[in-house]
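Beneath this line is the structure, given in C-alpha cells, with notes to follow.
Residue numbers start from 1 in every chain, and the chains themselves are labelled A, B, ... in the order their sequence lines are given, proteins ahead of strands.
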Protein chains: 2
Amino acid sequence: MTVSKPAEKSAEKASEATKGRKEAPEGQSQGLAEALQLGELSEQLGYVLKRAQLKVFENFLRCMASLQLTPAQFSVLLLVEKNPGRNQTEIASTLGILRPNFVALLDNLESRDLCARIRSTNDRRSHILVLTDKGKAVLTRAKKLVATKHESRLNELLGQANREALLGMLSKIANEF
Amino acid sequence: MTVSKPAEKSAEKASEATKGRKEAPEGQSQGLAEALQLGELSEQLGYVLKRAQLKVFENFLRCMASLQLTPAQFSVLLLVEKNPGRNQTEIASTLGILRPNFVALLDNLESRDLCARIRSTNDRRSHILVLTDKGKAVLTRAKKLVATKHESRLNELLGQANREALLGMLSKIANEF
DNA sequence: TATTGTTATACTCTATAACTATA
DNA sequence: TATAGTTATAGAGTATAACAATA
C-alpha cells in the first residue's frame, strides 16, 4: 500500500498548489497552500520503491499500448518462449502467480491467439503452454518496444552503469531480503 | 501485475522442485522438474522492481507486526507528524491516495486513537489531522523498529553507500521517469 | 491418495460518480 | 459555483477451498 497511482488529477492539483506562493501568511488560509514536507518518508525504502514501481508500470503500459500487453502478460509470453513444454503450474509459480489466478490471464492470451494450451500426452492432467506464431511475432515486437521506448529511458535517466547497478541491487533484494 | 506475493507454498514447492536433480532424461517426466530459465525477465526493470517491492513490504509488515502498522498507515503517521495542521485532502494527495480511499484508512487510525480529525475553524468543511499522544508514542516506536529491523537489513545487504545510491536512483525514477 | 486445471469466492487496493455541508 | 469529506460502487489483484479428471 502506502502509495497508489499518483491519481492524475490530484497530482496535478497538488503540484499547482505546490508551485503557488512561498509564504502564505498562515493566519487565515487565503491563497494556495505550501507544499508538504515529505521528511523521513523520502528515505523510506518501501515508499520510494513503491512509487518508482508504479511509475515504471505506467510507462510500460504506455509503451505497450499498441500491443495491449500488461507487464504480467508480457512476463508470461517471455517465460513461455524461454521455457517451451512447461505446464501452467510451472509457469505460474515461477512468476509468483497463483494457479487459480493464472487461468483468466491465460484465457485472455489464448483468446487473442497469442499462446495455446496443449494437453500433455505424458500426463493428461496438465496443459503444456506454447506461443502461437502470432504470439511469437507479437512478443518480438513487444521486446523491441520495451527495449527502445521503455528500458532505454532508464539508460537516459541513470546511465548504463547505474542501470546495471540498480538491477543488481533490486535482484539482490528480491532474492535475499 | 506480473508478480504477486510469491505465494508461500508455491514458492516453497518451486524451490524444492528447483533443487531437484540436474538432468531429468526429458523423455517421460519421472522425477522432479528442472528450474525454469528466467531469461530476459531478470533484466526487466518492472519485473525486478515489483518483486523487490513485494519483498520489502512483506519484511516491513513482519517488522511492524507488534504495532500492527501497514506501510500506508506508517506513511500517514509520518506525514501528519511532519505537517501538522494539514487537512485530509492535502495529506492524501501527497501520498498518492485518493480522498475517497483515505476515509477508511483514517477511520482505522482514528478508531485506534493514533490520530484525530479536527474540524477547522477557518474552513468548517475541512478536517485538520493531528497525531494523538498515543499516535506520537506509537510512531516513535515504529520508527525505531523500522530503523533497527527493517532499514538496517538494507545496509547489511548492500552496504551504506549502495543503499544511498539505490534510494537516489529510485527517487529519480519516481520523480522523472 | 495426490496433482492439474478449474470454479467459486472473498478480501484488499484502486478508481469514479455523486451526495452533504460548507464556502 | 466550487471544494472537503463522505458514501456507494466497480474493477483490478491476490488469496483460499473445493471440485472433476487424471495419475
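Taking atom CD on A:Glu90 and atom P on C:dT3, their separation rounds to 14 Å, with Å as the unit. Nucleotide D:dG13 holds its C1' atom 12 Å from the CD atom of B:Gln53, rounded to whole Å. Between B:Ile91 atom CD1 and D:dA4 atom P there is a gap of 14 Å when expressed in whole angstrom units. At whole-Å resolution of the value, CD1 in A:Ile118 and P in C:dG5 are 13 Å apart. Atom CD1 of B:Ile97 and atom C1' of C:dT16 are 17 Å apart (whole Å). The CZ-C1' distance, from A:Phe102 to D:dG13, rounds to 15 Å in whole Å. Separating the CG atom of A:Leu54 from the P atom of C:dC13 is a distance of 13 Å, rounded to the nearest angstrom. Look at CG on A:Asn87: it is 15 Å from C1' on D:dA21, rounded to the nearest Å.
Residue B:Thr89 places at least one side-chain N or O closer than 4.0 Å to OP1 or OP2 of D:dG5.
Counting non-hydrogen atoms of neighbouring residues, nucleotides and ligands closer than 6.0 angstrom, the CD atom of A:Gln68 reaches no more than 12 such neighbours.
Looking at A:Thr132, its side chain does come within 3.5 Å of a backbone N or O of A:Leu114 through a donor-acceptor pair. Judged by distance alone, the side chain of B:Asn83 and the main-chain N or O of A:Gln37 form a donor-acceptor pair under 3.5 Å.
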Should B:Glu164 and B:Gln160 be marked as a side-chain hydrogen bond (donor to acceptor under 3.5 Å, both in side chains) after you check the CA-CA gap, both sets of side-chain angles, and the distance that decides it?
-> CA-CA 6 Å; B:Glu164 288 172 16; B:Gln160 175 69 20; 2.4 Å; yes
After noting the C-alpha distance and the side-chain angles of B:Val76 and B:Leu95, does the key distance pass the side chain to side chain contact (heavy atoms under 4.5 Å, CB included) rule?
-> CA-CA 8 Å; B:Val76 171; B:Leu95 292 173; 3.6 Å; yes
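Closest contact between the side chain of B:Ser126 and the listed nucleotides C:dT4, C:dT16, D:dG5 involves D:dG5.
Taking the six-membered ring for Trp and thresholds of 30 and 60 degrees, A:Phe60 and A:His150 have ring planes more than 60 degrees apart, a perpendicular arrangement.
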Can you name the atoms? Protein N/O to nucleotides 6-10 of chain C N/O, anything below 3.5 Å, with the distance.
| residue | atom | partner | partner atom | Å |
| --- | --- | --- | --- | --- |
| C:dT6 | OP1 | A:Arg117 | NE | 3.4 |
| C:dT6 | OP2 | A:Gln88 | OE1 | 3.1 |
| C:dT6 | OP2 | A:Gln88 | NE2 | 2.8 |
| C:dT6 | OP2 | A:Arg117 | NH2 | 3.0 |

All N/O pairs under 3.5 Å across the protein-nucleotides 19-23 of chain C interface:
| residue | atom | partner | partner atom | Å |
| --- | --- | --- | --- | --- |
| C:dA23 | OP1 | B:Arg124 | N | 2.9 |

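Qualifying side chain to side chain donor-acceptor pair (under 3.5 Å) partners for A:Asp107, counting only residues two or more places apart in sequence or in other chains: A:Arg117.
Only one option out of B:Leu131, B:Leu139, B:Leu109 pairs with B:Val80 in a side-chain contact (heavy atoms from CB on, under 4.5 Å); it is B:Leu131.
Note on A:Glu151 versus A:Lys143: no salt bridge recorded, every NZ/NE/NH1/NH2 to OD/OE distance being 4.0 Å or above.
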